[in-house]
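A short write-up of the structure that comes next.
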2 protein chains.
Amino acid sequence: MPSQELIRSLTDEHVLRALMQHRRLTRAELATEIGISKPTAGESVRRLAERGLVTDTGERTPGGRGRGRVGSYYALAPDVGVALAVVIAPEGVVAERLDIYGNTVAHAVRPIDRPTRPSQAAEALQAAAGEVLAACGQPVRLAVVSAADPVDRATGRLVQLPDSPFLVGDLDPVAILAPHVAGTVVVDNDVNWAARAESGTGDDFCYLFLGEGLGCAIVSDGEVRRGHTGLVGEIAHLLTAGPGGRAIPFIEVFTELSLRRPDSTAINVERLLTSDAGTRAAVGEAVGGVVAAVIALADPQEIVVGGAWGPALVDDIRAQTARMPRSVPVRAADLTGEPVLSGVRAEALSRLRSVITANS
Amino acid sequence: MPSQELIRSLTDEHVLRALMQHRRLTRAELATEIGISKPTAGESVRRLAERGLVTDTGERTPGGRGRGRVGSYYALAPDVGVALAVVIAPEGVVAERLDIYGNTVAHAVRPIDRPTRPSQAAEALQAAAGEVLAACGQPVRLAVVSAADPVDRATGRLVQLPDSPFLVGDLDPVAILAPHVAGTVVVDNDVNWAARAESGTGDDFCYLFLGEGLGCAIVSDGEVRRGHTGLVGEIAHLLTAGPGGRAIPFIEVFTELSLRRPDSTAINVERLLTSDAGTRAAVGEAVGGVVAAVIALADPQEIVVGGAWGPALVDDIRAQTARMPRSVPVRAADLTGEPVLSGVRAEALSRLRSVITANS
DNA sequence: CATTCTAGTCAGGGCTGTTGCCTAGATAGG
DNA sequence: CCTATCTAGGCAACAGCCCTGACTAGAATG
């Protein structure tokens with residue numbers, strides 16, 4: 001008997017998923033949509049309404065549909081819950097409140113000074129989250145956070161790695177957001193979220209991020225891989241070919257080419273973009289070494305290059321990779337829209353829906 | 001009603017799994033083992049017996065158990081099917097027939113000459129498989145094959161990569177074995193299978209294979225990652241630090257150190273193992289570059305070093321990795337037993353069990 | 001030989017879902 | 001304005017799966 005209720009919860013889950021997709025349906029529509037009988041649909045709606053997950057919207061089928069009896073439209077209860085999506089970048093913090101349909105129902109931005117004043121990121125995060133969740137009236141079921149720094153997988157804290165620009169500053173998003181959220185706080189770095197947004201492309205690809213910082217995301221078998229500590233893709237110390245063909249860590253290439261900001265560990269993007277052909281070729285060769293490592297260890301179907309300067313040098317990179325024994329297509333990322341925010345939103349929505357359908 | 005039968009098939013699957021684990025059980029034992037009622041257990045056994053998957057062994061509970069009525073022992077039918085496990089290495093082909101309990105019920109070996117005469121590997125494979133499957137009397141439900149060469153994920157064929165020793169020779173195991181097998185033929189390289197055998201260690205680790213050929217396996221989130229074409233871990237062309245600190249492909253390091261066999265692309269293991277400290281340090285540095293790439297792109301919890309010469313140089317490798325910004329424990333593989341065959345057996349058994357429980 | 005104990009079966013019932021039929025309630029058309 | 005028509009929803013009957021509790025079968029113990 002204990003497994004008997006499994007099938008009922010499956011029915012309820014189907015009903016909820018259908019309502020998430022179609023917003024409002026009559027019981028008859030639910031039955032045909034899901035492929036169950038009308039009495040079963042009616043029973044499920046009754047149960048879900050009793051639990052407060054589904055309500056009669058009061059709307060009735062418009063007469064235009066035909067002649068028959070009017071049906072009652074049911075929809076998810078207006079207080080099923082929302083998700084918080086947050087992007088923490090050096091330019092500022094963006095927070096959004098997402099409803100169960102994936103709509104952004106609130107949006108807040110807080111700028112951050114550069115270089116970051118200690119604790120300013122925390123304040124900005126606090127403020128943006130507070131603004132977005134003010135007078136929400138619904139449970140905040142989870143938060144998904146992007147940070148422009150490496151993230152410890154176990155704790156969700158930002159970690160400072162040697163020689164990497166620490167863009168956002170020391171921060172513990174979980175601790176800050178936990179009081180606002182009645183559920184999980186998921187934190188990962190921006191590159192991984194951007195890769196998730198691009199993930200429709202294929203099941204095995206690599207997103208190479210080349211901007212002020214260096215990073216990459218590896219999508220393998222359809223999932224963004226994070227590794228044991230969450231530091232997959234922190235490629236600053238990967239050995240590659242530097243000027244003169246010497247093997248040096250990737251980030252050192254930029255030091256030797258005088259392409260790093262003197263006051264920080266970040267790469268000077270402006271200077272890189274205006275540099276001469278020889279410098280660009282040297283950078284291309286260094287990136288080529290990174291690509292060789294990615295091909296050897298991740299075997300992607302495609303390599304997507306993004307970041308502030310990556311797409312501009314995609315030809316130089318391609319010139320290197322074309323000569324390699326195992327060649328993989330390299331293309332610039334579509335810079336349309338905000339890939340990081342898209343990835344965060346997608347994750348937040350899918351998790352929110354799972355949470356709501358799960359506790360059956 | 002269509003989903004009603006789902007729960008019944010779940011029950012049947014539980015019964016089958018219990019019989020796979022315990023070999024023989026009475027209906028009452030099944031009930032308590034699985035946590036279902038006696039009538040349900042009886043019904044399930046009746047259904048499975050009708051389908052020919054389960055039989056009354058004729059054995060009865062020995063009187064020693066107590067006073068009560070004797071019970072009938074049921075077990076999986078003797079013809080539920082077997083799996084074929086094959087390891088194709090330069091030394092020869094090993095084929096095994098595995099029953100549903102994971103026992104090796106037949107074993108055959110066919111040597112291969114070195115260097116491999118074309119088509120000899122195919123003949124050896126054919127012969128070993130034929131011997132093991134002769135007079136089997138049961139359906140061969142699948143085959144799992146290891147080959148000591150890179151394997152194309154889509155086709156299962158061995159692929160010759162530039163500069164890698166082609167140990168086994170051109171071979172299409174799927175084509176050869178398909179006539180013997182009434183199901184899937186799974187092919188992967190030996191390093192990946194060895195890693196699968198070691199996979200109890202942790203969910204994220206890397207198995208670095210350093211022998212005549214160079215390879216590695218990446219286990220991420222508990223699964224061996226194969227990549228788009230199945231060539232994850234083919235590290236011969238990964239850029240690393242060669243003698244004099246120049247960035248060259250990993251395999252070229254051995255060329256420059258005169259550690260490759262003149263007549264082939266393989267590494268001269270004997271000479272490497274008897275080389276001076278300077279050479280070993282140079283090799284250690286080169287491996288250190290590979291480890292840096294693995295850490296950057298896979299972020300393993302641990303790096304396991306195996307292969308003919310890897311474990312002997314583990315101290316030299318550790319000396320390099322200890323200096324890296326992100327350090328990961330490096331240890332030599334436990335060379336006890338046959339890790340490749342263990343991994344192949346494990347995969348074959350788990351797939352065989354899935355196949356038998358699945359078609360409910 | 002009676003007692004005791006356990007495997008297996010049977011009857012009854014609960015829960016889930018389905019089919020088929022009916023009612024409610026609205027439109028469309030003469 | 002009234003009737004035919006058409007659809008949403010409800011009701012009753014039924015089937016499948018499982019469970020509980022009681023019962024039978026069959027052996028060892030003392």
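Per chain, numbering begins at 1; letters A, B, ... match sequence-line order.
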Item to check | Phosphate contact (dT20(D) OP1 or OP2) by Ser37(B) side-chain N/O below 4.0 Å | outcome: no

Checklist entry - At under 4.0 Å, does any side-chain N or O of Thr11(A) touch on OP1 or OP2 of dT16(C)? => result no

Item to check | Beyond-backbone contact of Leu30(B) with Val45(B), side-chain heavy atoms, under 4.5 angstrom | outcome: yes

Please produce a list of atom pairs where a protein N or O lies less than 3.5 Å from an N or O of nucleotides 10-13 of chain D.
from	atom 1	to	atom 2	distance (Å)
dG10(D)	OP1	Arg27(A)	NH1	3.3
dG10(D)	OP2	Arg27(A)	NH1	3.1

Next on the checklist: In this structure, how many angstroms lie between the P atom of dG17(C) and the CD1 atom of Ile7(B), rounded?
Outcome noted: 11 Å

Item to check | By salt bridge (Lys or Arg N to Asp or Glu O under 4.0 Å) - contacts of Arg353(A) (at least two apart) | outcome: none

Item to check | Note, Tyr73(A) side chain near Glu29(A) side chain (heavy atom, < 4.5 Å) | outcome: yes

Next on the checklist: Can you measure Leu30(B) atom CG to dT9(C) atom P for me and round it to whole angstrom units?
Outcome noted: 13 Å

Checklist entry - Which nucleotide sits closest to the side chain of Val70(B): dA27(D), dT18(C), dG16(D)? => result dA27(D)

Checklist entry - Which whole-number value in Å describes the distance from Glu59(A) CD to dA8(D) C1'? => result 16 Å

Checklist entry - Whole Å only: how far is the OH atom of Tyr73(A) from the C1' atom of dA8(D)? => result 11 Å

Next on the checklist: Rounded to whole Å, please give me the gap between OH in Tyr74(B) and C1' in dA7(C).
Outcome noted: 11 Å

Item to check | Residues Arg47(B) and Glu50(B) bridged, charged N to O under 4.0 Å | outcome: no

Next on the checklist: Which is more 5' along DNA chain C, the nucleotide nearest Arg8(A) or the one nearest Ser72(B)? Just name the residue.
Outcome noted: Ser72(B)

Next on the checklist: Could you tell me how far apart Glu5(B) (CD) and dC18(D) (P) are, to the nearest whole angstrom?
Outcome noted: 12 Å

Next on the checklist: Could you walk me through whether Arg23(A) and Tyr101(A) satisfy the side chain to side chain donor-acceptor pair (under 3.5 Å) test, starting with their C-alpha distance in whole Å, then the side-chain angles of each, then the deciding distance to 0.1 Å, before giving a yes or no?
Outcome noted: CA-CA 8 Å; Arg23(A) 287 198 110 102; Tyr101(A) 305 108; 5.1 Å; no

Checklist entry - What heavy-atom pair brings Leu177(A) and Leu84(A) nearest, and what distance separates the two atoms? => result CD2-CD2, 4.1 Å

Next on the checklist: Can you identify which nucleotide, out of dC19(D), dG9(D), dG8(C), has its nearest atom closest to the Ile36(B) side chain?
Outcome noted: dC19(D)

Item to check | Atom pair distance, as rounded to whole Å: CG in Asp12(B) and C1' in dG16(D) | outcome: 14 Å

Checklist entry - Roughly, in whole Å, what's the span from CZ in Arg60(A) to P in dC6(D)? => result 24 Å

Next on the checklist: Taking Asp188(B)'s backbone N and O only, do any of them form a donor-acceptor pair with Trp193(B)'s side chain (distance below 3.5 Å, no angle check)?
Outcome noted: yes

